[in-house]
Novice: 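Okay, handing you the structure first.
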Number of protein chains: 2
Amino acid sequence: MEAVLGEAVRLLDEAGESALTFRALAARLGGGVASIYWYVANKDELLDRATDHVLAGVLDATEGLAATDDPLADLRVIAVTLFDAIVDRPWLGAYFMRNTEVQPHALRLYERMGQQVLRLDLGPRDSFHAVSAVIGYVVGTAADLGRQPPAEVLEGEVDRDEFLAQYADQWRQLDADAYPFLHLVVDEFAGHDDADQFRAGLDLLLAGLRLQAASSR
Amino acid sequence: MEAVLGEAVRLLDEAGESALTFRALAARLGGGVASIYWYVANKDELLDRATDHVLAGVLDATEGLAATDDPLADLRVIAVTLFDAIVDRPWLGAYFMRNTEVQPHALRLYERMGQQVLRLDLGPRDSFHAVSAVIGYVVGTAADLGRQPPAEVLEGEVDRDEFLAQYADQWRQLDADAYPFLHLVVDEFAGHDDADQFRAGLDLLLAGLRLQAASSR
DNA sequence: TCGACCATCGAACGTCGTTCGGTAGAATAG
DNA sequence: CTATTCTACCGAACGACGTTCGATGGTCGA
């Protein structure tokens, strides 16, 4: 079972979501295709459990961190760690907390983020909304930023900038009067870093949360 | 072409993402399977264009709205409208702005949201990050909340509460000392409304943005 | 009248998730 | 010691899917 999940995650990490087929996985395990169905009922459950397998690592990585006197700083560290795990595995976003019966580590991660919010002394409703918002932003943004452009996979390293530049040129050719915003940010877009972009948005969200915590006491 | 996209979206709206197959679409159109390939190169492009087809409607719906003296209120209206469109079509999240060459309406929507941020007089970098954050949150949360539980589809209307209650009971059976946050919010979770939850998070994000705008002038 | 182009299509190919029927060996019961 | 049950596994097949191929009328300007 652990071997199946480990090999599944390895396959996903190496070659992406499309590489995970029952046949490929069986070949890696040196067994037959149908054998996998003894461990999981179907592919969704395989990915549910693979998700939890990855989240166990995230939980581990956030174990030592997140112990300052600022709840929001601690929440931020956990969020960034989770983001890093998902951005390299965009498939994970669709399965995160999809079925917590087979995802105990997802529950524990949710709890750990919640405990930081708990320290803000908001009510149950605001606390629930706060954690939901942070998780929604982290998972959604990571899944979005993680999906690679199809042309890039075939080539090396520098092609990402080229890809962005190509898009930027497309934007620049639009009418500057009709698209003033696009023209303002096109240079930012062409040179942007995904992780920076994510963190900037996260900080906005946490600033809003800090404001709410301050005004409620 | 327009007939193909219209029927594709109708099929998706009626029966979900898995119902959109080239065979089913061809049957609806009263034609052959291979004919669709004259209009689009592959299924990804079909969904790229179907996405733009839907976004044209969103753009239309936000045309009259969003004209107050508060940029963030206007941005909020657009965000909520976009959310409503995606939460009923979770497949759309994965294709939003994936290939803007065939998604002109996505670009216009991006621009329209950007123009609200423009009124905050932030720099190019902060403006880019702000719009990226809002869109990431909206699309990610909508795609997440939109995916239906598998057991619910088979039955009627009231089963959603039952589904949530079943999950809530699972949470309640966990140790209260190890999971204090879960126990605090479990009642909120059991009775929560997806749209409320989304709006609460959106308001946090916009509050953070308002704070940034105020402090930068 | 003729070729160029538009729009269409049936049939086939390869791959995928999944199911079925079965089996070798270990554990357990009599 | 034997019979039965249970665990872990597997080859082969099924049906559905995205996609490709080669061919076919129909509509044109030349």
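By convention in this document, chain letters (A, B, ...) are assigned in the order of the sequence lines, proteins followed by strands, and residues within each chain are numbered from 1.
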Novice: Taking atom types as modelled, is there a side-chain donor on A/His192 or A/Gln197 under 3.5 Å from an acceptor on the other?
Specialist: yes
Novice: Measure the distance from CD1 on A/Ile36 to P on C/dG17 and round it to the nearest whole Å.
Specialist: 9 Å
Novice: Run the side chain to side chain donor-acceptor pair (under 3.5 Å) test against B/Asp196 and tell me which residues pass, sequence neighbours left out.
Specialist: B/Arg199
Novice: Please give me every residue in residues 6-18 of chain A whose heavy atoms get under 4.0 Å of an atom in DNA chain C, ordered by residue number.
Specialist: none
Novice: For B/Leu29, report the nucleic acid contact type (base, sugar-phosphate, nothing); a contact means any heavy atom under 4.0 Å.
Specialist: nothing
Novice: Name each donor-acceptor pair under 3.5 Å that joins a side chain in residues 133-142 of chain B to protein atoms two or more places apart or in another chain, with its distance.
Specialist:
{"residue": "B/Tyr137", "atom": "OH", "partner": "B/Phe198", "partner atom": "O", "Å": "2.9"}
{"residue": "B/Thr141", "atom": "OG1", "partner": "B/Tyr137", "partner atom": "O", "Å": "2.7"}

Novice: Counting only non-hydrogen atoms, which of residues 42-51 of chain A are less than 4.0 Å from DNA chain C?
Specialist: A/Asn42, A/Lys43
Novice: Which is it for B/Arg10 and B/Glu7 under the salt bridge (charged side-chain N to carboxylate O under 4.0 Å, His left out) test, yes or no, and what are the steps along the way?
Specialist: CA-CA 5 Å; B/Arg10 210 164 296 126; B/Glu7 208 62 49; 2.8 Å; yes
Novice: Just how far, in rounded Å, is C1' of D/dG18 from OH of B/Tyr37?
Specialist: 5 Å
Novice: Decide yes or no for B/Ile78 and B/Val58: does some side-chain heavy atom of the first lie under 4.5 Å from some side-chain heavy atom of the second?
Specialist: no
Novice: With a 6.0 Å cut-off on ring centres, are B/Trp91 and B/Phe96 close enough?
Specialist: no
Novice: Answer yes or no: is there a side-chain heavy-atom contact under 4.5 Å between B/Arg112 and B/Asp74?
Specialist: no
Novice: For A/Glu162, which residues count as a salt bridge (charged side-chain N to carboxylate O under 4.0 Å, His left out) partner, sequence neighbours excluded?
Specialist: none
Novice: When the distance from CZ of B/Phe22 to C1' of C/dT8 is rounded to whole Å, what number comes out?
Specialist: 15 Å
Novice: Between A/Gly30 and B/Thr21, which has a closest nucleotide on DNA chain D that is more 5'?
Specialist: A/Gly30
Novice: Check whether any side-chain heavy atom of A/Gln170 sits under 4.5 Å from a side-chain heavy atom of B/Leu107, and report yes or no.
Specialist: yes
Novice: Rounded to the nearest angstrom, tell me the gap between atom CG in B/Leu25 and atom P in D/dA16.
Specialist: 18 Å
Novice: Measure the CG-NE2 distance between B/Asp175 and B/His183 for me, rounded to the nearest 0.5 Å.
Specialist: 7.5 Å
Novice: Identify the pairs formed between an N or O of the protein and an N or O of nucleotides 4-9 of chain D at a distance under 3.5 Å, and give each distance.
Specialist:
{"residue": "D/dC9", "atom": "OP2", "partner": "A/Tyr39", "partner atom": "OH", "Å": "2.2"}

Novice: Hey, are B/Asp52 and B/Tyr95 close enough side-chain-wise for a donor-acceptor pair under 3.5 Å?
Specialist: no
